[in-house]
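Below is one structure, written out as structure tokens, with a few remarks after it.
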Amino acid sequence: MTTPASRPTFLQLPPDFWERVVSADYRLLLLDYDGTLAPFRVERASAVPMPGIVELLKELSSASRCQVGILSGRPIEQLTGFLGELPVHLVGESGWETRYRESTTIHHPLPPDSEAMLREAFTAAESTGLSRYLERKRTSLVLHTRGLDASRAHALEASWRELWSTLPAARSFLSFAPVNGGQEARAAGRDKGTAVREILALCPTGTLAVHVGDDWTDEDAFRELFGSGFGVRVGSADRPSMATGRILSCEAISGFLRMWRQAIATDPPVGIRS
């Protein structure tokens with residue numbers, strides 16, 4: 001097992017991280033998709049997983065006393081298109097779609113007021129020309145600015161703020177947050193933290209949960225696990241986070257997953273730990 005002195009520099013984890021993973025009776029590893037398992041792409045359809053990632057996920061998801069979940073802002077249909085049919089928990093649209101292991105996909109019903117507000121906002125965006133930069137999901141509107149020069153991105157974000165200022169009731173039904181490469185307005189009521197609670201309820205009591213992600217939407221999962229499990233943020237330390245660990249880049253995820261595989265493969269059986 002990797003010792004603290006030999007830990008690779010791409011990881012900045014709490015001192016007891018691997019010790020707790022090794023000694024846990026059961027583990028739950030949760031991962032974001034874009035910016036974590038796959039690098040960001042301007043063309044979102046080309047954001048395929050990093051080399052070797054799918055094979056590692058297959059191994060980890062079939063390991064004893066361990067479950068794996070993918071939590072993403074993408075719809076579940078897109079996740080399965082990229083990853084195939086893995087025996088993992090899947091969460092799409094940041095909690096509004098769920099397909100937990102050996103179950104069917106649930107499209108959680110959107111509150112009528114949130115649905116109406118998203119529809120009204122998209123109609124307003126069409127009249128201003130902003131809609132060409134929007135991704136319209138069932139439960140959110142995402143303004144994408146990745147690949148644009150800084151001045152154009154700032155102008156679009158200003159237009160985004162102006163659009164929502166004309167809909168003051170929106171904040172009663174929607175949550176607003178930056179995302180990597182844009183801004184998002186999402187129906188309030190479910191998020192990645194909700195999904196973490198639901199998945200943990202399916203796991204044995206005392207399961208150690210770890211969530212790895214890069215985006216602002218992952219903060220809901222980090223917050224849910226703070227003090228009981230671990231949140232691990234992917235990327236530089238240039239913003240505050242509820243995560244207690246860090247992986248420096250998406251490219252380092254495969255190294256982290258290999259270390260996780262080693263940790264859960266070498267632990268002693270339950271009942272004979274010192």
Side-chain angles (χ1 to χ4, degrees), residues 13-14 16-17 20-21 23-37 57 60-61 63 65-76 79-80 83 86-111 113-114 137-140 172-177 179 184-234 240-247 260 264:
L13 301 174
D16 63 340
F17 181 88
R20 288 187 60 188
V21 172
S23 63
D25 288 339
Y26 209 90
R27 306 93 165 185
L28 173 64
L29 176 61
L30 304 170
L31 301 137
D32 182 30
Y33 185 77
D34 291 280
T36 300
L37 298 178
L57 292 176
L60 299 181
S61 60
R65 305 204 317 276
C66 180
Q67 293 184 29
V68 176
I70 313 298
L71 281 58
S72 175
R74 290 179 182 266
I76 286 176
L79 294 177
T80 57
L83 297 169
L86 296 172
V88 300
H89 301 292
L90 292 175
V91 175
E93 297 213 26
S94 298
W96 284 99
E97 290 182 2
T98 54
R99 192 178 84 184
Y100 299 144
R101 286 180 64 173
E102 301 176 357
S103 66
T104 58
T105 299
I106 297 174
H107 302 274
H108 297 274
L110 199 63
D113 289 331
S114 297
K137 302 180 182 180
R138 183 178 70 93
T139 61
S140 68
S172 298
F173 311 109
L174 306 176
S175 61
F176 297 82
V179 294
E184 181 179 40
R186 188 176 72 249
R190 291 188 64 86
D191 53 39
K192 290 185 179 181
T194 310
V196 169
R197 288 195 299 275
E198 292 175 350
I199 296 173
L200 273 172
L202 302 174
C203 296
T205 302
T207 293
L208 175 68
V210 175
H211 178 68
V212 182
D214 71 288
D215 213 340
W216 287 97
T217 58
D218 294 299
E219 293 297 328
D220 296 312
F222 298 155
R223 188 175 298 106
E224 186 66 28
L225 295 178
F226 190 82
S228 61
F230 294 100
V232 180
R233 183 175 174 267
V234 180
S241 176
M242 292 294 291
T244 53
R246 190 158 64 93
I247 300 175
W260 182 277
I264 66 174

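All residue numbers refer to positions in the sequence shown, counting from 1.
Between the E93 side chain and the T139 main chain, a donor and an acceptor come within less than 3.5 Å of each other. A donor-acceptor pair is defined here as one N or O able to donate and one able to accept, closer than 3.5 Å; no such pair exists between the side chain of R190 and the backbone of L110. The closest donor-acceptor contact from the side chain of R233 to the backbone of R246 lies at 3.5 Å or more, if one exists at all.
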Query - Residue pair L90, Y33: steps toward the side-chain contact (heavy atoms from CB on, under 4.5 Å) verdict - result: CA-CA 11 Å; L90 292 175; Y33 185 77; over 6 Å; no

Requested in this report: Decide side-chain contact (heavy atoms from CB on, under 4.5 Å) for V232 and H211; before the verdict, give the C-alpha distance in whole Å, the side-chain angles of both, and the deciding distance to 0.1 Å.
Outcome: CA-CA 6 Å; V232 180; H211 178 68; over 6 Å; no

Report task. Could you check H107 against R138 for side-chain contact (heavy atoms from CB on, under 4.5 Å), going step by step and ending with a plain yes or no? Result -> CA-CA 10 Å; H107 302 274; R138 183 178 70 93; 3.9 Å; yes

**Report entry** Test log, rule side-chain contact (heavy atoms from CB on, under 4.5 Å), inputs C66 and I264
**Finding:** CA-CA 8 Å; C66 180; I264 66 174; 4.1 Å; yes

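K192 has its side chain within reach of D32: a pair of non-hydrogen atoms, C-beta onward, lies under 4.5 Å apart. Counting only heavy atoms from C-beta outward, the side chains of V91 and I199 approach each other to under 4.5 Å. By the 4.5 Å heavy-atom criterion applied to side chains, V196 and L225 are counted as neighbours. At least one side-chain heavy atom of I247 sits less than 4.5 Å from a side-chain heavy atom of V212. For the pair R27 and V210, the minimum side-chain heavy-atom distance is 4.5 Å or more. Inter-residue side-chain proximity for T105 and T98 is flagged as unmet; no heavy-atom pair is nearer than 4.5 Å. A heavy-atom distance below 4.5 Å is found between the side chains of D191 and R186. Annotation: side chain of Y100 is in contact with side chain of L202 (closest heavy-atom distance under 4.5 Å).
Going from atom CZ of R74 over to atom OG1 of T80 covers 11.5 Å, rounded to the nearest 0.5 Å. Taken from CG in D218 to OG in S72, the straight-line distance is 9.0 Å, to the nearest 0.5 Å. The CZ atom of F17 lies 5.5 Å from the CH2 atom of W260; values are rounded to the nearest 0.5 Å. Interatomic distance, L30 CG to I70 CD1, rounded to the nearest 0.5 Å: 8.5 Å. The distance from the OG1 atom of T217 to the CZ atom of F222 is 9.0 Å, given to the nearest 0.5 Å.
Nearest heavy atoms, L13 versus G245: CD2-CA, 4.2 Å. The shortest heavy-atom contact between L57 and L37 is CD1-CD1, 4.0 Å. L208 and S228 get closest at one heavy-atom pair: CD1-O, 4.0 Å. Between A188 and S114 the shortest heavy-atom distance is N-OG, 4.4 Å. Residues E97 and I76 share a closest heavy-atom pair of OE1-N, 2.8 Å. Considering all non-hydrogen atoms of both residues, G213 and T36 come closest at CA-OG1, 3.5 Å.
Under the side chain to side chain donor-acceptor pair (under 3.5 Å) test applied with H89, the options Q67, E198, R99 reduce to a single match, Q67.
Around atom CZ of F226, no more than 12 heavy atoms belonging to other residues, nucleotides or ligands sit under 6.0 Å away.
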